[in-house]
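This structure is in structure tokens; I'll ask about it shortly.
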Amino acid sequence: MLELTTIARNANEKLKEGYIPAVYYGSHAKSTPIFVEAIAFTKVLGQAGESSSISLITEHGKEIAMIQDVQRHPVKNHPVHADFLVLEKGQKVHVKLPIVFIGESQAVKAGGVLVKVMHELSVEGDPTKLPHEVTVDISVLATASSVVHAQDIALPAGVVLYHINEEDIVASITAQHEESEAASVADLSAIEVEKKGKKEEDSQAE
């Protein structure tokens with residue numbers, strides 16, 4: 001499990017160079033202001049995200065926590081404040097895991113278009129068992145009728161779908177847009193030719 005060391009912070013204490021202000025709280029932990037080293041926090045955030053649990057080392061000991069919220073600089077986009085939720089043993093949490101699509105689809109190679117219906121998967125489970133992300137192998141999308149359902153995604157033991165129907169579609173294949181557009185252009189051209197021919201017939205009749 002990833003670890004992140006903190007140092008105590010007074011509520012109105014000025015920002016320390018190289019650190020960002022943060023706070024941790026939970027059902028058995030009162031809201032406590034802290035500092036975390038900016039570089040270390042950014043590294044942990046990149047590896048754990050906001051779904052995996054981490055070990056938060058405080059002046060009172062070690063707490064199992066999750067990154068609950070991250071405030072970022074409006075221009076530079078780097079973290080400027082973080083909230084940590086301290087977890088109790090056995091507590092389950094609801095999170096949204098990023099979906100990473102891997103592999104190659106034969107249907108796409110044949111001209112189909114991959115439609116990513118979901119980009120996150122809502123799950124419930126023990127925070128110590130939650131993955132950083134889930135993967136979907138699109139190589140199973142072999143034909144235009146192939147789909148990936150939520151129930152097809154492999155989840156660790158103790159982690160289940162949360163407020164998502166098992167039959168909800170995660171990814172599918174649709175016909176190639178270019179072909180549809182080309183067909184539309186061809187249809188319009190045919191209509192124009194037909195109109196032109198009609199005008200010429202009308203002129204000759206006059």
Side-chain angles (χ1 to χ4, degrees), residues 1-6 20 22-29 34 36-58 61-72 77-108 114-142 146-173:
M1 183 180 293
L2 294 170
E3 289 189 351
L4 186 63
T5 301
T6 73
I20 64 170
V23 62
Y24 69 85
Y25 49 81
S27 57
H28 71 282
I34 54 174
V36 291
E37 190 178 17
I39 294 176
F41 174 73
T42 301
K43 183 178 179 180
V44 168
L45 179 61
Q47 294 179 346
E50 296 182 35
S51 60
S52 301
S53 57
I54 65 172
S55 181
L56 199 64
I57 302 173
T58 74
K62 189 178 291 187
E63 301 279 8
I64 303 301
M66 294 180 69
I67 301 172
Q68 184 76 355
D69 184 58
V70 179
Q71 296 176 26
R72 295 180 176 275
N77 199 41
H78 59 69
V80 294
H81 188 278
D83 287 13
F84 297 92
L85 174 64
V86 175
L87 305 167
E88 291 186 28
K89 187 176 181 180
Q91 177 183 351
K92 291 185 177 181
V93 295
H94 309 142
V95 298
K96 290 184 178 180
L97 302 175
I99 297 175
V100 177
F101 294 90
I102 62 172
E104 294 184 346
S105 164
Q106 289 300 320
V108 171
L114 174 65
V115 179
K116 299 176 182 178
V117 181
M118 292 186 189
H119 293 276
E120 294 179 321
L121 190 70
S122 181
V123 300
E124 176 188 62
D126 182 334
T128 62
K129 297 179 180 179
L130 290 173
H132 176 40
E133 60 193 21
V134 291
T135 58
V136 171
D137 187 351
I138 64 170
S139 64
V140 299
L141 299 173
S146 301
V147 296
V148 175
H149 296 102
Q151 65 183 359
D152 298 326
I153 299 179
L155 295 173
V159 179
V160 297
L161 298 175
Y162 180 72
H163 284 184
I164 290 183
N165 191 302
E166 291 184 345
E167 295 298 323
D168 285 351
I169 294 175
V170 176
S172 63
I173 299 294

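In this text the structure is predicted, and so the values were computed from the model without any measurement. Position 1 is the first residue of the sequence; numbering continues from there.
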Atom pair OG1/CG of Thr135 and Leu121 - distance to nearest 0.5 Å: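 Separation between the atoms: 11.0 Å.
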Among all residues two or more places apart in sequence or in another chain, which pass the ring pair (Phe, Tyr, Trp, His ring centres under 6.0 Å) test with His163?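 His163 satisfies ring pair (Phe, Tyr, Trp, His ring centres under 6.0 Å) with no residue once adjacent residues are dropped.
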Closest heavy-atom pair and its distance - Leu2, Val44: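 Here Leu2 and Val44 meet closest at CD1-O, 4.1 Å.
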Taking CD1 in Ile39 as the centre, count heavy atoms belonging to other residues, nucleotides or ligands within less than 6.0 Å. Is the count above 12?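 Incorrect, the count does not exceed 12.
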From OG (Ser172) to CD1 (Ile138), nearest 0.5 Å: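 Taking OG in Ser172 and CD1 in Ile138, the distance rounds to 11.5 Å.
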With a 4.5 Å heavy-atom cut-off, do Asp69 and His81 have their side chains touching?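 Asp69 vs His81: side chains apart.
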Partners meeting side-chain hydrogen bond (donor to acceptor under 3.5 Å, both in side chains) with Glu166 (sequence neighbours left out):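 With neighbours one apart ignored, the set is empty.
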Minimum side-chain heavy-atom gap Leu141-Val108 below 4.5 Å: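 In short, these two side chains do not touch, never coming nearer than 4.5 Å.
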Specify the closest pair of heavy atoms between Gln68 and Tyr25, including all atoms of both residues, with the distance to one decimal.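 Heavy-atom minimum between the residues: CG-OH, 3.5 Å.
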Return the minimal non-hydrogen interatomic distance between Ile54 and Ala48, and the atom names on each side.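 Heavy-atom minimum between the residues: CG2-CB, 3.8 Å.
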Indicate the atoms forming the closest heavy-atom contact of Val36 with Ala22, along with that distance.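 Closest approach of Val36 to Ala22, heavy atoms only: CG2-CB, 4.4 Å.
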So, using side-chain hydrogen bond (donor to acceptor under 3.5 Å, both in side chains) as the criterion, who are the partners of Asp137 when residues are at least two apart?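 Checked Asp137 against side-chain hydrogen bond (donor to acceptor under 3.5 Å, both in side chains); matches are Ser139.
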Is there side-chain contact between Ile173 and Ser105, with heavy atoms separated by less than 4.5 Å?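 With C-beta onward as the side chain, the pair touches.
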Interatomic distance, Glu37 atom CD to Thr6 atom OG1 [nearest 0.5 angstrom]: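 If we round to the nearest 0.5 Å, Glu37:CD and Thr6:OG1 are 12.0 Å apart.
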With the side chain counted from C-beta on, respond yes when Val80 and Ile20 share a heavy-atom pair under 4.5 Å apart, and no when they do not.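 Result no, sub-4.5 Å side-chain heavy-atom pair not found.
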Once rounded to the nearest 0.5 Å, what's the spacing between atom CG of Leu97 and atom CD1 of Ile153?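 Rounded to the nearest 0.5 Å, the CG-CD1 separation comes to 9.5 Å.
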Which residues satisfy the ring pair (Phe, Tyr, Trp, His ring centres under 6.0 Å) test with Tyr162, sequence neighbours excluded?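 Applying ring pair (Phe, Tyr, Trp, His ring centres under 6.0 Å) to Tyr162 gives His94.
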Nearest heavy-atom neighbours spanning Pro79 and Val70: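 Scanning both residues, the minimum pair turns out to be CB-CG1, 4.0 Å.
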The criterion is salt bridge (charged side-chain N to carboxylate O under 4.0 Å, His left out); which residues satisfy it with Glu120, sequence neighbours excluded?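 Partners of Glu120 under the salt bridge (charged side-chain N to carboxylate O under 4.0 Å, His left out) test: none.
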Quick one: pull up CG in Leu161 and OG in Ser122 and give me the separation to the nearest 0.5 Å.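 Going from the CG atom of Leu161 to the OG atom of Ser122 covers 8.5 Å.
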Would you name the heavy atoms of Val95 and Met66 that are closest together and state the gap between them?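 Heavy atoms of Val95 and Met66 come nearest at CG1-CE, 3.6 Å.
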Assess the residue pair Val147 and Val117 against the criterion (side-chain contact (heavy atoms from CB on, under 4.5 Å)); give the C-alpha distance rounded to whole Å, side-chain angles, the decisive distance to 0.1 Å, and a yes or no. CA-CA 10 Å; Val147 296; Val117 181; over 6 Å; no
Return the set of residues passing salt bridge (charged side-chain N to carboxylate O under 4.0 Å, His left out) with Glu104 (not counting sequence neighbours), or none when no residue passes.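 With neighbours one apart ignored, the set is Lys109.
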Going from NE2 on His149 to CD1 on Ile164, what distance comes out if it is rounded to the nearest 0.5 angstrom?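 Going from the NE2 atom of His149 to the CD1 atom of Ile164 covers 13.0 Å.
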